[in-house]
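First comes the structure, then the notes that go with it.
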Amino acid sequence: MTGAASGLGLEFSHLLARDSFDLILVDIDGNKLGEAKEILEAKYGVNVDILHHDLSTPQVATKIYAAVKGREIEVLINNAGFGLSGFFSKTNWQAEEAMIQLHVLTLTHLTKLILKDMLEKKSGSIMNVSSLAAFQPGPLMAVYYATKAYILSFSEALANEVKGTGVTITVFCPGVTKTGFQGKAAQLSGSKESRINFRTISPQAVALYGYIAMQAGKPVAIQGFQNKLTALLPRFVTRAFAVSMVRRIQEKLRE
Ligand SMILES: NC(=O)c1ccc[n+]([C@@H]2O[C@H](COP(=O)([O-])OP(=O)(O)OC[C@H]3O[C@@H](n4cnc5c(N)ncnc54)[C@H](OP(=O)(O)O)[C@@H]3O)[C@@H](O)[C@H]2O)c1
């Protein structure tokens, strides 16, 4: 489980531990990882190992794989991610480079390393956490939307490739969820956190939906009618209209 110390990742960890899985939690925040380990071990009686890594550094997937080698990985959840907004010409390149490394390269590499072992055992589940942002380009959050579109496309293709092998790939596309995500995105973007009151769903409910979809081996998981409609909408309007709608939403968020 990556990005396991807070938000959706922590909720997935509770769900896995509740189902008696021993856990390997990876996150950039060592203190929160330690707290999560204590709580999960005490509450569910499972073993929790923690790996303190910045997943936006090159070759980190190799290091993680070396650290877990010999362990039987039944479930991989690539969940870690963060947002950044602003005009691409003005946003911080270091943050965007880290985002591409985290959302694209590390996720892809970890999937490759662990998928091979799962295919040999003919069992396992991988869930990659994308976003509703994956379904159309996102002006003022261009790199975030593009990397989430990559996760969707990559995971759907893999889900097809592994059909009938005993291994499943699920891509989970949450809508706005009440976690630390928005605060961190605002902080990285040098903007105020949006005061728009979204109909946000709790991370517990969102994680549970994704978890059940992963267990069912669903290729794509989108929670709720409204989110499904949002994902489908770009198919019924012109691409230019969909892009301009996102632009308007992003501008509102930044007011
Ligand atoms: N919340 C939403 O509205 C929403 C909507 C759609 C999709 N998502 C996706 O859901 C996933 C989980 O997000 P969340 O809402 O749970 O956000 P969150 O509350 O910020 O949790 C993300 C976790 O990942 C960790 N992380 C971030 N960058 C990392 C790195 N380079 N290396 C290791 N760990 C790192 C964070 O640590 P720090 O806190 O120390 O940075 C945090 O513990 C993300 O992929 C996000 O894109 C979220």
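Quick caveat: nothing in here was measured; it's all calculated off a predicted structure. One-based numbering, in listed order, for ligands and for the atoms of each.
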Just by distance, do the side chain of [X] and the backbone of [Y] share a donor-acceptor pair under 3.5 Å?
| X | Y | value |
| --- | --- | --- |
| Asp54 | Ser56 | yes |
| Ser130 | Lys148 | yes |
| Asp22 | Asn47 | yes |

Discussion item. Run Ser155 and Phe172 through side-chain contact (heavy atoms from CB on, under 4.5 Å) and show every step you take.
Written reply: CA-CA 10 Å; Ser155 308; Phe172 183 33; over 6 Å; no

Worksheet entry | Per-ligand residue contacts, ligand 1, heavy-atom threshold under 4.0 Å |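 Under the 4.0 Å cut-off, ligand 1 touches Gly3, Ser6, Gly7, Leu8, Asp27, Ile28, Asp29, Lys32, His53, Asp54, Leu55, Ser56, Asn79, Ala80, Gly81, Leu102, Val129, Ser130, Ser131, Tyr144, Lys148, Pro174, Gly175, Val176, Thr177, Thr179, Gly180, Phe181, Gln182, Lys184.
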
Discussion item. Is a donor from one side chain sitting under 3.5 angstrom from an acceptor on the other, for Tyr144 and His103?
Written reply: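 On atom types as modelled, these side chains do not qualify, holding no pair under 3.5 Å.
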
Fill in: Contact list for residues 230-239, test side-chain hydrogen bond (donor to acceptor under 3.5 Å, both in side chains), sequence neighbours left out
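For residues 230-239, and leaving out neighbouring residues, there are no side-chain hydrogen bond (donor to acceptor under 3.5 Å, both in side chains) pairs at all.
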
